[in-house]
Amino acid sequence: MNIILLGPPGAGKVTQAKILVDERGMIQLSTGDMLREAKTSGTEMGHRVAEVMNRGQLVTDEIVIGLIEEKMAGATGGGFIFDGFPRTLAQADALGAMLARHGEKLDAVIEMRVDDAALVARITGRFTCATCGAVYHDQTKPTAKAGVCDVCGGTHFLRRADDNADALKQRLMEYYKKTSPLIGYYYAKGSLEVVDGLADIGAVSAAVRKVLDKA
Ligand code: AMP
């Protein structure tokens with residue numbers, strides 16, 4: 001089974017993807033994670049990618065399609081969760097073609113619908129464990145013990161360079177200009193499902209589970 005988690009920054013795509021990886025052994029393909037890895041590679045491409053990402057703009061279709069193609073070629077079983085990809089109509093077309101080449105199809109596109117004002121609050125307090133990737137929030141989901149990850153006991157945390165109010169405005173603009181047309185695109189293809197991304201994590205994952213079980 002292959003699915004897309006679609007929604008603006010801060011909609012909860014990463015949190016839900018991690019739950020599906022744990023529960024169903026699916027493979028999370030996050031272009032954001034792949035690009036953050038490329039950013040630290042010290043290559044010319046890494047520097048270019050870092051500049052674009054830190055401004056909150058989209059990296060070129062060619063780069064992200066290439067990254068996804070590479071990862072899909074090396075992965076087997078489990079089914080894919082596409083998280084943060086596709087973000088443009090060209091990427092959506094390319095994904096359809098890639099899946100067809102692998103003899104696969106998309107089973108569901110889950111739009112995680114959220115209110116814009118809530119996103120700003122969610123994103124600006126977000127941090128993750130550097131060791132296991134668990135996601136926290138200063139106000140709504142702090143660690144139980146200050147400075148120690150609840151999941152793995154790690155003591156090193158990361159805040160993304162683009163999780164600030166200015167970059168977020170740009171990321172939202174990119175979402176509405178270039179990514180939100182995908183909602184109509186997948187609706188017309190008959191694969192769109194909508195969940196309320198503002199519900200608590202357990203309720204969102206129950207809604208996601210329901211979509212997957214009937215797909
Ligand atoms: P994310 O972790 O999904 O929020 O992505 C962080 C940043 O990486 C985005 O703001 C873009 O700069 C870049 N990025 C991630 N995925 C894509 C994509 N599919 N197409 C273009 N840029 C992307």
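Order of listing sets the numbers, starting from 1, for every ligand and every atom in it.
In this structure, Met34 falls outside the shell of residues with a heavy atom less than 4.0 angstrom from ligand 1. Within the structure, ligand 1 lacks Val52 among the residues with a heavy atom less than 4.0 angstrom away. Using 4.0 Å as the threshold, Lys13 has no heavy atom nearer than that to any atom of ligand 1.
Counted within 6.0 Å of CD on Glu37, heavy atoms from surrounding residues, nucleotides or ligands total 12 or fewer; the atom is thus considered open.
Summary of contacts: the protein heavy atom closest to atom 10 (O) of ligand 1 is Arg171 CG, 3.9 Å. For atom 5 (O) of ligand 1, the closest non-hydrogen atom of the protein is Arg87 NH2, 3.5 Å. Summary of contacts: the protein heavy atom closest to atom 21 (C) of ligand 1 is Val59 O, 3.2 Å. For atom 8 (O) of ligand 1, the closest heavy atom belonging to the protein is Met53 CE, 3.3 Å. Among all protein heavy atoms, the one lying closest to atom 20 (N) of ligand 1 is Gln91 NE2, 3.0 Å.
Between the side chains of Asp150 and Thr143, no donor N or O sits under 3.5 Å from an acceptor N or O. Under 3.5 Å, the side chains of Asp116 and Tyr175 contain no donor-acceptor pair of N or O atoms.
At a heavy-atom cutoff of 4.0 Å, ligand 1 is contacted by the backbone of Gln57 but not by its side chain. Contacts between Arg160 and ligand 1, counted as non-hydrogen atom pairs separated by less than 4.0 Å, involve the side chain only.
Using a 4.0 Å cut-off between charged nitrogen and carboxylate oxygen, Arg126 and Asp163 count as a salt-bridge pair. We find that Asp33 and Arg36 are joined by a salt bridge, their nearest charged nitrogen and carboxylate oxygen being less than 4.0 Å apart.
Residues Thr31 and Gly84 come closest through the heavy atom pair OG1-O, 3.0 Å. The minimum heavy-atom distance linking Gly133 with Lys18 is given by the pair O-CE, 3.4 Å. Among all heavy-atom pairs drawn from Ala38 and Thr43, the shortest one is O-OG1, 4.5 Å.
When the options Leu35, Thr31, Val14 are ranked by their closest heavy atom to atom 14 (N) of ligand 1, first place goes to Leu35.
Looking at ligand 1, you won't find any N or O of Leu58 less than 3.5 Å from one of its N or O atoms.
Atoms of ligand 1 found under 4.0 Å from any heavy atom of Arg36, numbered from 1 in the order shown, are 2 (O), 6 (C). Within ligand 1, the atoms closer than 4.0 Å to a non-hydrogen atom of Gly84 are 16 (N), 17 (C), 18 (C), 19 (N), numbered from 1 in the order shown.
Partner of Asn54 under the side chain to side chain donor-acceptor pair (under 3.5 Å) criterion, out of Gln170, Arg160, Lys39: Lys39 alone.
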